[in-house]
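Throughout, numbering of the chain's residues begins at 1 and tracks the sequence. Both backbone and side-chain heavy atoms feed into the values below; hydrogens, waters and symmetry mates do not.
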Amino acid sequence: MSNKLSIANDIELYSLDCISYKSNGDRVDKAVYDESHNRILSLDSWIIDGLGTLDSFYTRLESADVWIFIDLPYVTSYWLVTKRLLRGLFVKKPLGWPSGCSILKGTLSSYRYLKLSPQFWNEKFEKEMNDKSAGKLVYVIRSYSELKKFTL
């Protein structure tokens, strides 16, 4: 989805995975990540794909004019991660995938994040986002069909 938005709006896409991981799949130091993240936020326009660290997420929310949250049912999210794995193993690595990083290791990490998501994305989080969203354009996509329509 982020790639389609990037192309349609002629805005550079930045994958947080590419600034979060070294080519061997290890995480970069937090200071290196923060420096790269802040450099992106200093640009006039950007599309960022990924969650990153929680503190960088909140920094990004303050900087962004438009928020797009994808809150799909967990079964759908797990399927999309699995589909990305299968394509990455047999067709080609996903766009924005860190060079040299294992698709299997990244997929397992994605599954762990998905498992933790209910602790993060909950009523308290939604209330906090509503409180912070004044002056922002906010989209919350809650179904696969909405996702497909949004990226047309």
Note to self: Show the nearest heavy-atom pair for residues Asn130 and Ser133, with the distance to one decimal.
What the structure shows: O-OG, 3.0 Å
Note to self: Does Tyr74 have more than 12 heavy atoms from other residues, nucleotides or ligands lying within 6.0 Å of its OH?
What the structure shows: yes
Margin query: Between Asp55 and Arg60, is the salt bridge (Lys or Arg N to Asp or Glu O under 4.0 Å) condition met? List the steps.
Written below: CA-CA 9 Å; Asp55 60 327; Arg60 215 165 30 259; over 6 Å; no
Next item on the list: Provide the closest heavy-atom pair for Ile141 versus Leu147 in the form atom of the first, atom of the second, distance.
Entry: CG2-N, 3.4 Å
Item checked: Separation of Leu51 CG from Ser20 OG (nearest 0.5 Å) -> 9.5 Å
Margin query: Please report whether the ring centroid of Phe69 lies less than 6.0 Å from that of Tyr139.
Written below: no
Check: Hey, is the main chain of Ser6 close enough, under 3.5 Å, to the side chain of Asn9 for a donor-acceptor pair?
Finding: no
Margin query: Side-chain heavy atoms under 4.5 Å apart, restricted to Ile/Leu/Val/Met/Phe/Trp/Tyr: what other residues fall into the cluster of Leu41, or is it alone?
Written below: Tyr14, Leu16, Ile19, Val28, Val32, Tyr33, Ile40, Leu43, Trp46, Ile48
Check: Are any side-chain N or O atoms of Trp67 and backbone N or O atoms of Leu61, one a donor and one an acceptor, separated by less than 3.5 Å?
Finding: yes
Next item on the list: For the pair Lys22 and Asp29, find out whether any cationic side-chain nitrogen is under 4.0 Å from an anionic carboxylate oxygen.
Entry: no
Margin query: Donor-acceptor check, side chain of Ser143 to backbone of Glu146, threshold 3.5 angstrom: yes or no?
Written below: yes
Item checked: Step-by-step side-chain hydrogen bond (donor to acceptor under 3.5 Å, both in side chains) determination, Thr53 to Ser56 -> CA-CA 5 Å; Thr53 64; Ser56 73; 3.0 Å; yes
Margin query: Would Asp65 and Leu137 count as a side chain to side chain contact (heavy atoms under 4.5 Å, CB included) here? Give the steps.
Written below: CA-CA 6 Å; Asp65 299 323; Leu137 186 55; over 6 Å; no
Note to self: Taking salt bridge (Lys or Arg N to Asp or Glu O under 4.0 Å) as the cut-off, I'd like each qualifying pair that reaches into residues 119-128, sequence neighbours left out, listed once.
What the structure shows: Glu126-Arg142, Lys127-Asp131, Glu128-Lys132
Notebook entry, point to check: Atom OG in Ser77, atom CG in Leu114: separation rounded to 0.5 Å?
Noted result: 5.5 Å
Notebook entry, point to check: Looking only at heavy atoms, what is the nearest atom pair of Leu104 and Leu85, with distance?
Noted result: CA-CD1, 4.1 Å
Next item on the list: Quick one: pull up CD1 in Ile47 and CD1 in Ile11 and give me the separation to the nearest 0.5 Å.
Entry: 4.5 Å
Notebook entry, point to check: Would you call Leu80 and Leu72 a side-chain contact if the rule is heavy atoms closer than 4.5 Å?
Noted result: yes
Margin query: With rounding to the nearest 0.5 angstrom, report the SG to CG distance, Cys18 to Asp49.
Written below: 9.5 Å
Check: Are Thr76 and Trp79 side-chain neighbours, meaning at least one heavy-atom pair lies under 4.5 Å?
Finding: no
Next item on the list: Decide whether Leu116 and Trp121 are clustered together by the hydrophobic rule: side chain heavy atoms of Ile, Leu, Val, Met, Phe, Trp, Tyr closer than 4.5 Å, transitively.
Entry: no
Next item on the list: Applying side chain to side chain contact (heavy atoms under 4.5 Å, CB included), run through Ile68 and Val138 and close with a yes or a no.
Entry: CA-CA 6 Å; Ile68 303 171; Val138 180; over 6 Å; no
Margin query: Less than 3.5 Å apart, any donor N or O on the side chain of Ser110 or Thr107 sitting next to an acceptor on the other?
Written below: no
Note to self: If you define the side chain from C-beta out and look only at heavy atoms, does anything of Phe150 sit under 4.5 Å from Ile70?
What the structure shows: no
Check: With side chains defined as the heavy atoms from C-beta onward, is the minimum distance between Ser109 and Tyr21 less than 4.5 Å?
Finding: yes
Item checked: Cluster link Phe125 to Leu54, ILVMFWY, side chain under 4.5 Å -> yes
Check: Should Lys115 and Tyr78 count as side-chain neighbours, where that means a heavy-atom distance under 4.5 Å?
Finding: yes
Notebook entry, point to check: How many angstroms lie between NE2 in His37 and NZ in Lys30, if you round to the nearest 0.5 Å?
Noted result: 10.0 Å
